[in-house]
Amino acid sequence: MGKLHVLDHPLIQHKLSYIRDKNTGTKEFRELVDEVAALMAFEVTRDLPLENAEVETPVGPAQVKKLAGKKLGLVPILRAGIGMSEGILRMIPAARVGHVGLYRDPQTLKPIEYYVKLPNDVEERELIVIDPMLATGGSVVETLNSLKKRGAKSMRLICLVAAPEGVAYVQEEHPDVDIYLAALDEKLNEKGYIVPGLGDAGDRLFGTK
Ligand SMILES: O=P(O)(O)OC[C@H]1O[C@H](OP(=O)(O)OP(=O)(O)O)[C@H](O)[C@@H]1O
Ligand SMILES: O=c1cc[nH]c(=O)[nH]1
Ligand SMILES: [Mg+2]
């Protein structure tokens with residue numbers, strides 16, 4: 001089963017408190033989601049392999065460590081995933097970016113895919129799938145299915161907030177995928193919203209409600 005990591009760093013938790021607050025407006029919400037995503041990038045990439053190298057400092061040779069050339073890819077799930085991907089990209093600027101467009105049908109809560117565009121060497125990349133909300137898990141499971149169908153071999157998932165139902169569904173369907181969260185919440189409500197959650201992430205990021 002994929003490992004579940006809940007990132008309890010004080011800066012992440014402090015910023016999340018403002019993200020959850022219904023009185024936080026669109027501008028601040030977007031900035032905070034971006035900042036938390038950048039902070040989360042540290043933990044999500046903690047196990048990336050390093051290799052030894054040598055550089056010349058102004059004083060002399062230094063033995064240093066560099067990323068061992070593992071190719072990375074970010075895959076934000078549209079639309080709300082975009083709110084996190086820029087922050088992560090600032091930390092991993094050489095990563096390629098693919099996009100998967102899905103929306104959740106408000107009646108059935110089932111994901112409907114409308115767009116997929118990926119780097120053409122997706123099978124060689126370690127992919128970081130990004131969505132602030134893991135609710136029923138339908139959107140993420142569908143995205144991981146879609147990526148595997150197109151050749152992806154190695155993936156991890158980063159979300160801000162998840163419900164236990166969504167975590168269980170992803171772990172059941174994709175046991176090879178580790179999950180990184182800023183918070184594991186209590187439950188889903190009857191409309192499939194995470195409780196206490198933060199409301200509708202896409203609408204709060206883009207000011208569409
Ligand atoms: O785990 P699930 O039950 O599938 O729900 C989570 C999904 O719902 C939200 O997207 P939404 O469908 O609202 O689309 P948006 O990102 O375009 O706003 C959210 O960003 C996730 O993608
Ligand atoms: O709580 C939720 C559930 C799904 N999508 C959201 O944006 N928020
Ligand atoms: Mg979505």
Side-chain angles (χ1 to χ4, degrees), residues 2 4 6 15-26 28-34 36-37 40 44 74-88 97-118 127-148 152 155-175 177-209:
L4 177 64
V6 180
K15 288 174 194 293
L16 182 61
S17 76
Y18 290 98
I19 290 172
R20 286 191 192 272
D21 190 334
K22 68 177 182 186
N23 295 314
T24 298
T26 296
E28 269 181 293
F29 186 90
R30 195 182 293 145
E31 289 167 357
L32 286 160
V33 169
D34 175 82
V36 167
M40 290 181 78
V44 174
L74 306 186
V75 183
I77 303 179
L78 305 179
R79 128 199 91 129
I82 291 289
M84 294 180 76
S85 58
E86 288 297 317
I88 299 172
V97 184
H99 295 87
V100 174
L102 289 176
Y103 68 90
R104 196 171 74 149
D105 182 287
Q107 253 73 51
T108 64
L109 301 184
K110 297 279 175 254
I112 299 176
E113 189 176 273
Y114 58 85
Y115 186 74
V116 181
K117 183 77 182 176
L118 302 174
L127 299 178
I128 303 176
V129 175
I130 305 166
D131 195 328
M133 309 307 283
L134 179 61
T136 65
S139 300
V140 163
V141 166
E142 187 63 23
T143 298
L144 295 171
N145 288 341
S146 190
L147 292 172
K148 285 183 180 174
M155 283 159 286
R156 53 192 73 192
L157 171 68
I158 176 169
C159 303
L160 275 187
V161 177
E165 294 89 330
V167 170
Y169 188 35
V170 174
Q171 286 181 328
E172 191 182 302
E173 295 294 317
H174 295 283
V177 174
D178 286 354
I179 304 173
Y180 295 81
L181 307 175
L184 179 60
D185 277 10
E186 201 185 314
K187 59 179 182 184
L188 292 176
N189 70 11
E190 65 290 349
K191 290 187 178 151
Y193 276 86
I194 300 171
V195 181
L198 50 79
D200 189 303
D203 284 341
R204 292 194 68 190
L205 276 166
F206 297 110
T208 42
K209 215 168 211 168

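Model, not experiment: these values are computed from the prediction. First listed ligand is number 1; within each ligand, the first listed atom is number 1. Side chains are part of it too, since the values below use all heavy atoms of this structure and drop only hydrogens, waters and symmetry mates.
- Close approach of ligand 1 to Met133 is summarised as follows: ligand atoms under 4.0 Å from at least one heavy atom of the residue are 6 (C), 19 (C), 21 (C).
- Ile128 approaches Ile130 most closely through the heavy-atom pair O-CG1, 3.5 Å.
- At distances below 3.5 Å, at least one donor-acceptor pair connects side-chain atoms of Arg104 with backbone N or O atoms of Gly192.
- Atoms of ligand 1 lying under 4.0 Å from at least one heavy atom of Arg104, given by number and element, are 2 (P), 3 (O), 4 (O), 5 (O), 12 (O).
- When all heavy atoms of Leu144 and Met155 are compared, the pair lying nearest together is CD2-SD, 3.7 Å.
- Looking at residues two or more places apart in sequence or on another chain, you find no side chain to side chain donor-acceptor pair (under 3.5 Å) involving Lys110.
- Within the 4.5 Å cutoff, no side-chain heavy atoms of Leu157 are placed close to those of Tyr180.
- Proximity of Thr136 to ligand 1, defined as any heavy-atom pair under 4.0 Å, is shared by backbone and side chain alike.
- Remark: Thr136 pairs with no residue by the side chain to side chain donor-acceptor pair (under 3.5 Å) rule, at least two apart or across chains.
- The atoms of ligand 1 that sit less than 4.0 Å from any heavy atom of Gly202 are 18 (O).
- Contact check for Met84 versus Ile158: side-chain heavy atoms found under the 4.5 Å cut-off.
- Within the 4.5 Å cutoff, the side chain of Met40 has no heavy atoms near those of the Ile88 side chain.
- Here Asp185 pairs with Arg20, Val161, Ala183, Ile194, Pro196 under the side chain to side chain contact (heavy atoms under 4.5 Å, CB included) rule; sequence neighbours left out.
- Asp131 counts as a contact of ligand 1, since one of its heavy atoms falls under 4.0 Å from the ligand.
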Contact table ligand 2 N or O to protein N or O, d under 3.5 Å:
{"residue": "ligand 2", "atom": "1 (O)", "partner": "Ile194", "partner atom": "N", "Å": "2.8"}
{"residue": "ligand 2", "atom": "7 (O)", "partner": "Ala201", "partner atom": "N", "Å": "2.8"}
{"residue": "ligand 2", "atom": "8 (N)", "partner": "Gly199", "partner atom": "O", "Å": "2.8"}

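- The ligand atoms of ligand 1 that sit less than 4.0 angstrom from a heavy atom of Ala80 are 16 (O), 20 (O).
- Judged by the shortest distance from any of its heavy atoms, Gly137 lies inside the 4.0 Å radius around the atoms of ligand 1.
- Every N/O-N/O distance between Val140 and ligand 1 stays at or above 3.5 Å.
- A donor-acceptor distance shorter than 3.5 angstrom exists from the side chain of Arg204 to the backbone of Ile19, with no hydrogens or angles considered.
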